[in-house]
There are 2 protein chains.
Amino acid sequence: MLKKERHDFVMKQINLHNRVLTSDLVQLLNVSEDTIRRDLQEMADDNLLYKVHGGALSKSYHSTFDDSSVYAKEAKINIAKKTTKLIKDGMVVLTGGGTTIIELVKQLPENLHATFFTISPLVAVELAKYRKVEVILIGGLFSKNSQITYGGHVISQLSEINADLCLLGTSAIHPTNGLTDTDWEINQLKKTMMSSSRKSAVLCISEKLNISLRLKVAALENITYLITELDSTDEKLVNYQIKNLKIL
Amino acid sequence: MLKKERHDFVMKQINLHNRVLTSDLVQLLNVSEDTIRRDLQEMADDNLLYKVHGGALSKSYHSTFDDSSVYAKEAKINIAKKTTKLIKDGMVVLTGGGTTIIELVKQLPENLHATFFTISPLVAVELAKYRKVEVILIGGLFSKNSQITYGGHVISQLSEINADLCLLGTSAIHPTNGLTDTDWEINQLKKTMMSSSRKSAVLCISEKLNISLRLKVAALENITYLITELDSTDEKLVNYQIKNLKIL
DNA sequence: CGGTTTTTTGCGGGTTTCTGCAATATTAAT
DNA sequence: ATTAATATTGCAGAAACCCGCAAAAAACCG
């Protein structure tokens, strides 16, 4: 077997599986480990793949994880832009925290005249940049993990609010199990937020679709809008097509 | 499974949920705890995440407020260091906002075990980095100018607190007129904060000495500590040498 | 074609990396 | 203070790696 043939074979494997193991190639190609290693080394030098201990990885596969201080930012901006259409002058909006919500805030129209209640200090700071937006930060214990306020005090204040729209970032959403979460406190918060609002919108990057976690927040039927970065006709969303749930 | 693949998997989990638990990863990836810990350690060394007891947290989520443009930073750090000596384990502290206070928070000892009430979201976020500090953010209307919460709701919550120490940034201080301010809301807030605390400390860069504004917050006699970046024997402070006011 | 050069390959032996285990220390929570 | 969960450290076996060498294969050339 010629060297070129081996290289082509390796590339095929990598395009197929995104990875190869040195040991597998030894068996498949019936050559010594050293030969495989030398092959992989050369191909790495030619920028065709990433060599790692034990094998090699596809270049494209790896590059998606290079540096994303804000993960999936493009997708989140896309979601944010869709969501802004739901927010009209004069509305009272209740929001949670998370990077998706912050992205949304940054996309709001300059002259929006609305009232926002939020449990996230970072969202509050961002909202404060809009001159005509009234911001009410709901106070309470401050969670080190999720950077939001929580606890009984927050719940009781939330329950006194009557908002038009509730915006939630998502931990996980699933066709049958609905909206779920891992953290009990956050679970309670989200439930209360939803019941304090006439309508609720779930902002969800597609990676969080079809995942189910331990604690249930709400059934799909109780959500008004599901907003992802995908086109609303995308096949990944077909299982979420139920009445009363508008997919944007 | 290759090490790199594990790392990528972990990053995905973190970007999705903002945190991972060591024990979960052990199950999901089917390797020993030691391996996961070593992975997390390496990734933390590469600045990809925060490693904490029990797992790891997303880096971007702990984004700090940008302090590169803080005015008179040196002086403020000096003040901060002096102030830390007033804060002891077990104390209940009430703080306002402002860059001086944030600088103070950054100078606190790693293992401080205390409770902080604050009306500043940015201070809350900064405080949340201390594992043993309980943070309660007082909610209410959010002020666009001063980045703190204010209004009747805040006042009424403040008045229910019984703190050991109150930390105030300063607008202006004057030997005869005492602590003064321009904004009526903030004036009210500061008054309430002081009356909710046994002692109060005023953090004040020397530029704000000998200035008097319209609204009086408190007479010098009602302040416990005055902390500036100057030496306590500095001649600029001589007019503030009254009994009951300790100058640091 | 024979001889020379170049490339490729496999092998031995020493080095590094990876991973799980066990013993010990630290932390969190009560 | 006690307990259970989690971390750290050192160690050891296995796997993977690197390097130089030499045989084999291929390419080149007069």
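All chains are named by letter (A, B, ...) in the order of the sequence lines, taking the proteins before the strands, and each is independently numbered beginning at 1.
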Residues 43-52 of chain A vs salt bridge (charged side-chain N to carboxylate O under 4.0 Å, His left out), sequence neighbours excluded, gives none
| said: Is it the case that the side chain of B/K82 and the backbone of B/T228 share a donor-acceptor pair, with hydrogens and angles ignored and the cut-off at 3.5 Å? | reply: yes
Separation of D/dC18 atom C1' from A/H53 atom NE2, nearest Å, is 12 Å
Contacts of A/S23 meeting side chain to side chain contact (heavy atoms under 4.5 Å, CB included) (sequence neighbours excluded), chain-then-number -> A/L21
B/L21 CG to D/dA7 P, in whole Å, measures 10 Å
May I have the list of side-chain donor-acceptor pairs in residues 156-163 of chain B shorter than 3.5 Å, sequence neighbours left out?
| unit_1 | atom_1 | unit_2 | atom_2 | d |
| --- | --- | --- | --- | --- |
| B/S156 | OG | B/H153 | O | 3.2 |
| B/Q157 | NE2 | B/G139 | O | 3.2 |
| B/Q157 | NE2 | B/H153 | O | 3.4 |
| B/Q157 | NE2 | B/H153 | ND1 | 3.1 |
| B/S159 | OG | B/I155 | O | 3.3 |
| B/S159 | OG | B/S156 | O | 2.8 |

Within residues 37-49 of chain A, the residues having a heavy atom closer than 4.0 Å to DNA chain C are A/R38
Taken in chain and number order and not counting sequence neighbours, the residues that satisfy salt bridge (Lys or Arg N to Asp or Glu O under 4.0 Å) with A/K4 are A/D8
Hits for salt bridge (Lys or Arg N to Asp or Glu O under 4.0 Å) against B/K88, two or more places apart or cross-chain, chain-then-number order -> none
In whole angstroms, the gap separating P of D/dG20 from CG of A/D34 amounts to 14 Å
Sorted by chain and residue number, the salt bridge (Lys or Arg N to Asp or Glu O under 4.0 Å) partners of A/K106 (sequence neighbours excluded) come out as none
Taken in chain and number order and not counting sequence neighbours, the residues that satisfy side-chain hydrogen bond (donor to acceptor under 3.5 Å, both in side chains) with B/N47 are B/K59
Salt bridge (Lys or Arg N to Asp or Glu O under 4.0 Å) filter on B/D34, not counting sequence neighbours, yields none
Exercise for the section: For B/S23, answer base if it contacts any base atom (sugar-phosphate contacts may also be present), sugar-phosphate if it contacts only those atoms, and nothing otherwise; contact means non-hydrogen atoms under 4.0 Å. Expected result: nothing
Rounding to the nearest 10°, end axes of the helix from C/dC1-D/dG30 to C/dT30-D/dA1 built from five pairs each make an angle of 40°
Touch check for B/V52, heavy atoms < 4.0 angstrom, all strands: base, sugar-phosphate only, or nothing? sugar-phosphate
Result for salt bridge (Lys or Arg N to Asp or Glu O under 4.0 Å) between A/E42 and one of A/R37, A/R6, A/K3 points to A/K3
Sequence neighbours excluded, the answer for side-chain hydrogen bond (donor to acceptor under 3.5 Å, both in side chains) partners of B/T95 is B/T118
Rounded to whole Å, CD of A/E33 lies from C1' of D/dC17 at a distance of 9 Å
At a 4.0 Å cut-off to heavy atoms of chain A, the contacted part of DNA chain C spans C/dT8 to C/dC18
When rounded to whole Å, the CD to P distance for the pair A/Q27 and D/dA16 reads 11 Å
